[in-house]
Amino acid sequence: MESHKDSEEDIRRARDLLRDAIESLSEGFALYDDDRRLVMCNQRYKEMNAAVADMLEPGLDWEILMRETARRGVYSDAIGREDAWIQDRLQTTHDYVEEYELTHTDGSCYLVSTHPTKLGGFVVTRTDVTERKKAEFAEREGDLLVRTVLDASSAIVIMARTGDGQILYRSPAALTLFGNTKSAKEHYENTDERADFITQMLADGQVDNYRLNVVAKGIVFPASISARFAEYRGEEVIVTSVTDLTEEVKSQELVKQVLEACPVPIQMTNAETGQLLFTSLETTIDTGQAQSYRSYFTDPEARPRFLKALREKGWLNDFRTEFVDQKKRVFQGSVAARLITFNGEEVIVSSTRDLTDELALQEELANQRDMLFQNEKMSALGELLAGVAHELNNPLSIVVGHSLMLREETNDADTLRRIDKISNAAERSAKIVKTFLAMARQQPTRMEPVNIYTVLATAIDVAGFGQQQDGVEIVSRLPEDLPDILADADQITQVVINLIINAGQAISTSGIGDRVEVTSSTDTLGEFIEIIIADNGPGIPENIRARIFEPFFTTKNVGDGTGIGLAFCHRIIHSHGGSIRLDPQTGQGSRFSIRLPRAKDADETRSEETIHSDTTAARKVLVVDDEADVAEFVAEVLVNEGFGVTIANSGQEAITCLKHRKYDIVLSDLNMPEIDGRGLYNALAKEFPYLVERCAFITGDTMGKASQALLKELDRPFLEKPVSPDELRKLVFGILGDVKEDS
């Protein structure tokens with residue numbers, strides 16, 4: 001009896017334990033016996049069947065439960081077909097069913113499974129999937145919305161698996177472009193490029209404006225790709241948008257061609273790094289190819305100043321500094337620049353202009369202005385000298401007369417020698433006065449071949465008397481075989497005397513130095529004689545060096561100097577076609593350099609005249625110029641030299657003349673309408689090749705790059721308008737002297 005009670009207690013405990021376990025389940029649980037009656041169910045099962053929870057007690061028949069749920073409208077798929085729905089449920093009750101989806105009319109959704117038992121009954125389990133179904137529905141709605149938008153868009157969008165590249169979605173625009181491809185790998189021209197693309201994606205998490213070539217239906221074209229990682233149905237995918245850059249690249253190529261052909265040097269530079277992004281052909285020609293714009297600045301601080309000024313205004317028109325090109329040539333330049341944004345970066349578009357020629361021209365103009373100012377002063381000085389020189393003749397006459405009387409009254413050799421020196425110097429002074437008068441009246445000097453050795457020796461001898469007394473030594477190195485110069489000997493002698501005396505006075509006054517040296521030589525071409533007067537005295541201060549040739553400018557005390565000497569030296573040397581300058585001061589003392597043209601030999605002149613006479617005989621010249629007055633001037637000069645001349649006022653007319661007559665020389669303008677200089681040259685090369693070496697150009701446009709390039713290419717002689725008769729004669733006789741006679 002006791003054993004029976006223990007057994008019942010064990011069974012009760014087992015049932016309680018089983019009931020507790022079933023109640024702890026998150027799923028709904030119900031057990032039905034072999035008569036399809038409810039044995040037990042947990043609270044979760046009742047909650048999931050809230051509409052019929054009042055019936056869920058042990059012993060409830062399964063068929064009654066199904067009919068009541070249909071009657072109460074619990075299941076949405078039973079409404080309107082209650083009988084059929086009930087029959088279907090009754091027939092499948094004892095079958096094994098796993099996760100049969102049931103949707104209640106209140107919107108809740110469950111996965112129902114039935115499992116037959118060994119005793120003939122069955123177990124029903126329910127899992128609430130309402131929230132999951134809602135999420136899936138929302139996802140489907142989102143997918144549908146995105147698909148609807150993309151399908152209606154012209155954007156080229158592709159979604160593909162990250163690993164194998166299988167395409168999961170493509171927009172209609174992508175389908176039109178690429179066709180019905182299976183894998184995104186087919187869109188790459190090079191399979192390695194996709195690997196590089198994925199590598200960058202993995203590193204950055206995304207890619208924007210990734211440029212590469214893609215393949216669409218066998219056609220390769222440039223494209224820009226932007227992509228993002230995403231998760232789709234549990235898989236990692238890449239969503240990519242593709243932009244066709246074909247038209248953009250064509251546009252960029254057009255812009256690049258225009259910029260490269262632009263005759264202005266243009267650069268595009270990264271503002272921050274200085275990296276050159278683009279250089280026009282003109283820039284490369286002018287300054288060479290470089291990697292960084294920084295390398296053009298000689299001063300490291302110049303570019304920061306340039307960049308600061310540019311950022312303040314956004315533009316610059318004339319920023320000037322010193323540059324160096326790739327050939328290490330240093331030059332002054334002017335930069336015009338604009339600041340823009342290109343590919344998201346700050347970029348400078350600039351043009352650098354070489355100011356070398358412009359500054360040289362400005363310097364030349366300044367020199368010309370100085371010379372004009374000097375000439376104006378000399379004109380004023382001339383009026384003064386006209387009166388002063390007349391008064392000097394009287395005391396000079398006394399000096400000359402008394403020197404002659406002394407010569408008659410003494411027999412001492414040393415005294416006679418000194419009297420001769422005084423007499424010669426006085427006579428030379430008289431001649432100098434006459435020279436002053438001639439210059440004041442603007443009369444020409446008496447030019448004749450002069451032995452430069454004799455002139456310099458005389459000047460040193462005359463100037464040496466006073467210098468020896470002051471303790472100044474005059475040293476000379478004068479070659480005796482120097483060629484003659486065409487000059488007025490007295491004037492050149494006076495120039496040298498003035499320079500020696502000035503040097504001696506500076507040494508004596510300052511107490512610095514003791515030596516004046518006079519040397520002479522020919523230049524490398526043998527066309528000029530150079531005379532150097534140098535001393536080791538105190539030199540000339542930097543602040544007055546530019547004014548020493550000005551009339552009336554002097555640093556001597558009142559009564560010691562008039563400021564006329566160096567101004568006259570300057571005037572005399574320039575009237576002889578030469579030049580005089582004060583060389584840069586590199587050490588102690590001062591150094592004056594005089595250059596005078598050598599006289600042409602008589603035999604050389606006669607030889608040249610003979611050549612000209614021989615070469616003009618029966619020679620015919622064709623002059624081609626669309627300016628009639630210029631053509632007639634050229635013709636007149638050549639006719640006076642004995643040439644036969646024909647004038648053509650156009651390239652076409654010239655070709656017609658060439659077809660009807662044979663010419664020895666063709667002189668053509670470069671820029672003419674219709675057939676220009678190049679066209680005429682090409683016609684000569686094709687139809688009259690013997691004239692290619694006998695043609696030359698006369699042009700007023702030698703500064704244009706096109707004209708410069710043409711003249712360099714053709715390598716023919718040319719003259720720049722306006723043309724002097726002497727230049728024209730030299731050109732023609734030069735051509736006749738270079739070409740061989742026709743056989």
Side-chain angles (χ1 to χ4, degrees), residues 263 282 285-286 354 356-358 360-361 364 525 527 608 611-612 615-616 619-658 661-742:
E282 195 72 15
I285 293 174
D286 288 349
D354 187 347
T356 302
D357 294 339
E358 181 179 328
L361 178 60
E364 179 63 25
L525 299 178
E527 296 180 355
E608 185 176 293
I611 292 173
H612 287 186
T615 55
T616 58
R619 298 292 184 175
K620 298 178 179 59
V621 181
L622 176 61
V623 177
V624 188
D625 201 307
D626 59 332
E627 293 288 339
D629 292 341
V630 175
E632 290 173 2
F633 161 72
V634 174
E636 183 177 350
V637 172
L638 296 180
V639 168
N640 290 338
E641 294 295 326
F643 290 96
V645 181
T646 301
I647 294 176
N649 293 125
S650 68
Q652 185 59 55
E653 185 179 346
I655 294 174
T656 302
C657 293
L658 288 166
R661 190 173 184 181
K662 186 174 182 180
Y663 294 91
D664 298 287
I665 297 177
V666 176
L667 301 179
S668 173
D669 189 10
L670 202 60
N671 294 327
M672 298 181 292
E674 299 179 0
I675 299 178
D676 58 6
R678 176 186 284 279
L680 182 58
Y681 182 87
N682 292 339
L684 294 179
K686 183 178 180 181
E687 301 183 44
F688 313 99
Y690 73 94
L691 284 174
V692 168
E693 297 298 323
R694 294 171 177 256
C695 74
F697 295 99
I698 301 175
T699 178
D701 179 29
T702 59
M703 296 301 293
K705 288 192 177 295
S707 299
Q708 290 178 351
L710 178 60
L711 291 171
K712 183 177 180 181
E713 175 189 344
L714 301 184
D715 193 25
R716 296 305 305 151
F718 67 91
L719 293 178
E720 184 177 4
K721 297 176 182 178
V723 179
S724 71
D726 189 50
E727 289 176 329
L728 186 59
R729 286 189 287 266
K730 287 181 179 179
L731 174 68
V732 173
F733 289 128
I735 294 174
L736 291 176
D738 289 340
V739 298
K740 296 181 180 179
E741 296 295 329
D742 296 337

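Small disclaimer: the values here were computed from a predicted structure and weren't measured. Starting from 1, each residue takes its place in the sequence as its number.
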**Q** To the nearest 0.5 Å, what is the distance between CG on Asp625 and CD on Glu632?
**A**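 If we round to the nearest 0.5 Å, Asp625:CG and Glu632:CD are 10.5 Å apart.
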**Q** Identify the two heavy atoms, one from Glu693 and one from Arg716, that lie closest to each other, and give their separation to 0.1 Å.
**A**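 Closest approach of Glu693 to Arg716, heavy atoms only: O-NH2, 2.9 Å.
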**Q** What are the two closest non-hydrogen atoms of Tyr690 and Tyr663, and how far apart are they?
**A**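 For Tyr690 versus Tyr663, the nearest heavy atoms are CE1-O, 3.5 Å.
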**Q** Can I get a per-line list of side-chain donor-acceptor pairs under 3.5 Å for residues 672-680, giving both atom names and the distance, sequence neighbours left out?
**A**
residue	atom	partner	partner atom	Å
Asp676	OD1	Arg678	N	3.3
Asp676	OD1	Gly679	N	3.0
Arg678	NH1	Glu713	OE2	3.4
Arg678	NH2	Glu713	OE1	2.8

**Q** Considering non-hydrogen atoms only, spot the tightest contact between Pro717 and Cys695 and give its length.
**A**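 Answer, listing the atom of Pro717 first, then Cys695: CD-O, 3.9 Å.
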**Q** How long is the span from the CG atom in Leu622 to the CD atom in Glu653, to the nearest 0.5 Å?
**A**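 The distance works out to 9.0 Å.
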**Q** Indicate yes or no: at least one non-hydrogen side-chain atom of Leu670 is less than 4.5 angstrom from one of Phe718.
**A**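 No; the side chains remain at least 4.5 Å from each other.
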**Q** Quick check: do Ile735 and Asp664 have side-chain heavy atoms less than 4.5 Å from each other?
**A**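 Heavy-atom side-chain distance check fails, nothing below 4.5 Å.
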**Q** What residues form a side-chain hydrogen bond (donor to acceptor under 3.5 Å, both in side chains) with Thr356, not counting sequence neighbours?
**A**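 side-chain hydrogen bond (donor to acceptor under 3.5 Å, both in side chains) check on Thr356 returns Asp354.
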**Q** Rounded to the nearest 0.5 Å, what separation is found between the CZ atom of Arg661 and the NZ atom of Lys620?
**A**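 So the gap between those two atoms works out to 5.5 Å.
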**Q** Check the pair Val634, Val621 against side chain to side chain contact (heavy atoms under 4.5 Å, CB included), reporting the backbone distance first and the verdict last.
**A** CA-CA 10 Å; Val634 174; Val621 181; over 6 Å; no
**Q** Can you list the steps and then say if Ile698 with Val623 is a side chain to side chain contact (heavy atoms under 4.5 Å, CB included)?
**A** CA-CA 10 Å; Ile698 301 175; Val623 177; over 6 Å; no
**Q** Between Pro689 and Ala685, which heavy-atom pair has the shortest distance, and what is it?
**A**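 Shortest heavy-atom contact: CB-O, 3.9 Å.
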**Q** Can you tell me how far CD1 of Ile665 sits from CZ of Arg619, rounded to the nearest 0.5 angstrom?
**A**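 Going from the CZ atom of Arg619 to the CD1 atom of Ile665 covers 7.5 Å.
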**Q** Going from CG on Leu667 to CZ on Arg694, what distance comes out if it is rounded to the nearest 0.5 angstrom?
**A**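 Leu667 atom CG to Arg694 atom CZ measures 12.5 Å (nearest 0.5 Å).
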**Q** Which pair of non-hydrogen atoms, one from Val624 and one from Ser650, has the smallest distance, and what is that distance?
**A**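 Shortest heavy-atom separation between Val624 and Ser650 comes out as CG1-O, 3.7 Å.
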**Q** Distance check, rounded to the nearest 0.5 Å: Leu638 atom CG versus Leu728 atom CG?
**A**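 CG of Leu728 is found 4.5 Å from CG of Leu638.
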